[in-house]
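What follows is a single structure, written as structure tokens, with notes after it.
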Amino acid sequence: MAKMTGKQMVVEALKREGVDVIFGFPGGAIIDFYDTLEKDGTIKHVLVRHEQGAAHAADGYARASGKVGVCVATSGPGATNTVTGIATASLDSIPIVVFTGQVPTALIGNDAFQEVDIVGITRPCTKHNYLVKDVKDLPQVLKEAFYIAKSGRPGPVLVDLPKDVQNGKAEFDYPEEIKLRSYNPVIEPHGKQIERAYRLIEKAKRPVIYAGGGVIISNAAKELRALAKTMHIPVTMTLMGLGGFPGTHELSLGMLGMHGTYCANMAMANSDLIIAVGARFDDRVTGKIEAFAPLAKIIHLDIDPTSIQKNVKVDVPIVGDCKRVLKKLLLAAKDAGRSSEAWMDQHHAWLEQLDTWKNRHPLTYKEEPGVIKPQNVIEKLYEMTKGRAIITTEVGQNQMWTAQFYKFDEPRTLLTSGGLGTMGYGLPAAIGAQMAFPDKLVVDVAGDGSIQMNIQEMATAMEQRLPVKIVILNNQFLGMVRQWQELFYDRRYAATEFEMTPDFVKLAEAYGAKGFRATKPEEVDDVLSKGLEAEGLTIMEFAIAREEGVFPMVPAGKPTTEMLLV
Amino acid sequence: MKHTLSVLVENTPGALSRITGLFSGRAFNIESLNVAATLDPSLSHITLVTRGDEFIIEQIIKQLRRLVDVFKVVDVSEGEFVEREMALIKVRAEEQSRAEILRICDIFRCKVVDVSPKSYTLEVTGPESKLKAVIELLRPIGIKEIIRTGNIAIMREKKTI
Ligand SMILES: Cc1cc2nc3c(=O)[nH]c(=O)nc-3n(C[C@H](O)[C@H](O)[C@H](O)COP(=O)(O)OP(=O)(O)OC[C@H]3O[C@@H](n4cnc5c(N)ncnc54)[C@H](O)[C@@H]3O)c2cc1C
Ligand SMILES: Cc1ncc(C[n+]2csc(CCOP(=O)(O)OP(=O)(O)O)c2C)c(N)n1
Ligand SMILES: [Mg+2]
């Protein structure tokens with residue numbers, strides 16, 4: 001077998017893994033790899049303006065497409081700049097592979113120029129990581145990196161490549177298949193557990209499906225819909241689960257938790273059986289844990305045993321890929337031969353009760369003459385883009401209003417940083433998503449604070465001619481923090497008001513993009529349609545009600561039934 | 001409750017720090033830790049003593065198993081097991097206390113592994129309770145230094161990890 005350099009091996013592995021685009025930023029420790037990439041010329045490289053952007057773009061690419069996202073950075077500051085992006089992917093279980101350059105092996109540990117122990121730094125925020133010390137190990141490491149990133153509960157994997165390893169030569173024996181004795185995610189659920197779960201479902205009078213990001217990760221939306229429809233069981237979703245079940249479906253209760261709907265939180269509190277599907281009982285969802293779902297038995301489907309029984313006691317744990325588990329539950333229902341009518345009869349009263357709650361406090365907001373309401377902007381964005389758009393968000397109120405007022409019917413159409421809550425995620429993620437789907441409409445719903453955290457990626461979008469649309473809900477506040485200050489800190493707005501914000505329209509123009517601004521309600525439609533229809537990158541800025549809040553809201557640490565309503 | 005976990009890990013450079021990082025990052029505690037080679041050079045064996053209620057221990061075991069480098073985790077304290085710790089104790093040995101030290105040594109089947117005009121160094125092996133007893137008896141005589149290993153444990157009968 002012909003020998004190959006390490007840098008060639010990386011390029012070759014990318015091709016074999018079906019990677020068509022990578023995001024990155026060069027430097028001395030990775031220049032050799034870049035040289036090979038350029039000479040090879042088959043893999044598209046997107047030059048970002050900050051390595052954090054590269055990691056988020058790879059993540060956005062992965063979330064939108066379901067494939068592994070890849071990014072590249074140099075050693076030292078390049079590598080450390082990716083850390084927030086890696087942690088973001090880690091908390092939301094997103095498969096990305098990060099390649100970093102490293103100083104030559106002989107210099108490691110010497111405080112060499114641009115040396116940083118990135119493997120040490122990222123150990124707690126990667127699923128796994130590698131410092132490759134011998135080019136002979138590289139083919140196996142590359143195969144493992146992709147396999148580990150995407151299998152089981154997905155997550156980020158980092159591969160640190162010392163300069164001499166990139167340039168060293170060895171045989172390239174790329175494994176076709178891989179089997180690791182110490183890493184064997186359980187995919188197939190245990191038959192006994194399916195039976196036990198089915199028996200609980202059969203008896204339940206007030207069941208709720210609590211669907212999370214796992215549904216989207218395992219592409220189980222179809223199975224979930226079938227189960228809910230067959231058994232007439234209502235579905236509530238976490239922020240990460242939105243789109244896993246159609247938001248417009250009559251069985252959808254919308255999002256639950258801190259900013260969830262009244263109905264969803266009441267449903268959880270009164271349910272006698274919660275079927276958690278790929279969700280991890282996050283504190284934003286449970287509120288005060290002792291008061292969470294006090295009447296319910298819990299069935300928990302999750303591929304990662306650590307998610308089960310971490311925060312709440314579970315009656316029937318089922319470890320496995322939730323697509324398979326849902327299929328098996330459906331089969332169990334079929335075998336039992338119970339008719340759709342029988343299920344309906346059993347849940348009829350419950351569904352009526354839910355309707356009452358739905359109608360009592362639907363998601364709403366107060367109109368104010370002359371003032372643009374952010375919720376209204378999102379509603380209109382929804383109407384104008386219905387079903388066509390991939391929406392990314394930044395973090396804060398903009399994110400919550402999007403989650404509440406945009407109805408996501410399809411999986412992989414909402415890309416948002418839920419676990420880490422990373423401001424600055426939305427724009428680079430939109431770039432990644434647009435690279436995956438050049439013909440789809442991709443919109444970043446942003447706050448005026450968050451957008452400034454990775455605003456430099458405007459240049460990346462322009463350079464790649466990506467028609468990303470940015471909606472800025474400008475309240476001249478770090479609104480979400482301001483809302484907490486308003487409610488729990490006697491309105492002392494410590495460090496949350498911006499006395500200066502850039503002129504976003506001019507900023508768009510400075511990057512060669514187009515900018516539109518609405519300051520009055522009657523301008524909203526016009527700005528949205530112009531901004532969405534204009535060619536190329538656009539910013540649509542909306543001067544929104546400055547002190548608007550996100551409601552319902554469950555104050556942190558309170559039971560989820562204690563909601564502050566509009 | 002105290003639990004003794006037996007962990008087999010891939011013999012790779014980062015494995016140990018992944019495990020200790022897991023404990024510090026998730027606020028689990030480690031009372032003792034022992035790392036050593038196994039018959040299979042590609043695996044290392046870690047004995048780890050930790051404390052927590054059943055939920056915490058369940059999480060600790062699951063989190064350990066989740067690590068890509070971890071091959072196997074067994075809570076040996078769930079069944080019958082034998083555990084051993086070793087201490088090297090340097091104790092002040094004046095004319096009047098030498099006999100006393102040797103008597104303690106005899107009762108607990110310790111070994112004198114080093115002798116100097118002013119001190120004895122004893123080797124004690126046993127479960128933690130035995131080490132504690134020896135240390136308590138030697139303390140009034142004057143312990144100059146103690147070096148202890150972590151706990152190691154093995155399951156009884158036919159079971160192996
Ligand atoms: C400002 C702000 C406010 C927020 N407010 C809310 C709120 O009101 N409500 C809310 O819900 N969230 C809210 N969040 C998000 C919250 O922090 C969590 O990110 C979210 O609740 C977690 O969603 P999840 O439980 O679906 O878990 P995810 O993080 O999506 O985890 C997925 C789970 O599925 C499992 N899984 C993965 N793959 C599979 C598979 N193939 N098969 C089976 N299981 C699998 C994983 O092991 C994991 O347990 C907010 C975030 C921010 C930043
Ligand atoms: C990187 C980062 N720093 C700080 C925070 C804390 N934080 C959460 S929401 C928020 C306000 C965001 O402001 P803006 O983007 O204007 O959104 P708004 O809430 O006003 O819609 C802040 C500071 C965060 N989530 N991420
Ligand atoms: Mg704001």
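Chain identifiers are assigned alphabetically (A, B, ...) following the order of the sequence lines, protein sequences preceding nucleic acid strands; residue numbering begins at 1 within each chain.
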Open item on the list: Counting heavy-atom pairs under 4.5 Å with chain B, which one of A/Val119, A/Leu180, A/Asp304, A/Ile148 comes out on top?
Closed with: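 Of the options given, most contacts go to A/Asp304.
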Open item on the list: Any donor-acceptor pair under 3.5 Å linking the side-chain atoms of B/Arg65 with those of A/Asn184?
Closed with: no
Open item on the list: Any donor-acceptor pair under 3.5 Å linking the side-chain atoms of A/Arg181 with those of B/Ser42?
Closed with: yes
Would you indicate whether [X], at its atom [atom1], is surrounded by more than 12 heavy atoms from other residues, nucleotides or ligands within a distance under 6.0 Å?
X        : atom1 : value
B/Gln96  : CD    : yes
B/Lys130 : NZ    : yes
B/Lys132 : NZ    : no
A/Lys143 : NZ    : yes
B/Asp53  : CG    : yes
B/Ile154 : CD1   : no
B/Lys118 : NZ    : no

Open item on the list: Does any backbone or side-chain atom of A/Pro124 lie under 4.5 Å from a heavy atom of chain B? Answer side chain, backbone, both or neither.
Closed with: neither
Open item on the list: Under 4.5 Å from any heavy atom of chain B, what part of A/Leu131 do you find: side chain, backbone, both or neither?
Closed with: neither
Task: Short side-chain to backbone donor-acceptor contact, B/Gln59 and A/Thr306, under 3.5 Å - done: yes
- [ ] For the pair B/Lys62 (side chain) and A/Ile308 (backbone), establish whether a donor and an acceptor sit closer than 3.5 Å, ignoring hydrogens and angles.
- [x] yes
Task: Intermediate values then yes/no, side chain to side chain contact (heavy atoms under 4.5 Å, CB included), B/Leu67 and A/His128 - done: CA-CA 8 Å; B/Leu67 295 176; A/His128 199 57; over 6 Å; no
Task: Heavy-atom closest pair, residues B/Glu10 and A/Ser182 - done: OE2-OG, 2.6 Å
- [ ] Enter the distance from B/Ile56:CD1 to A/Lys310:NZ here, rounded to the nearest 0.5 Å.
- [x]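 Nearest 0.5 Å value for the CD1-NZ distance: 13.5 Å.
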- [ ] Measure the shortest side-chain to side-chain distance between B/Val68 and A/Glu144 over non-hydrogen atoms and say whether it is less than 4.5 angstrom.
- [x]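 No, their side chains stay 4.5 Å or more apart.
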- [ ] With the side chain counted from C-beta on, respond yes when A/Lys127 and B/Arg66 share a heavy-atom pair under 4.5 Å apart, and no when they do not.
- [x]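 A side-chain contact under 4.5 Å is absent here.
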Task: Which atoms of B/Gln63 approach chain A - backbone, side chain, both or neither, heavy atom under 4.5 Å - done: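 B/Gln63 touches chain A through backbone and side-chain heavy atoms alike.
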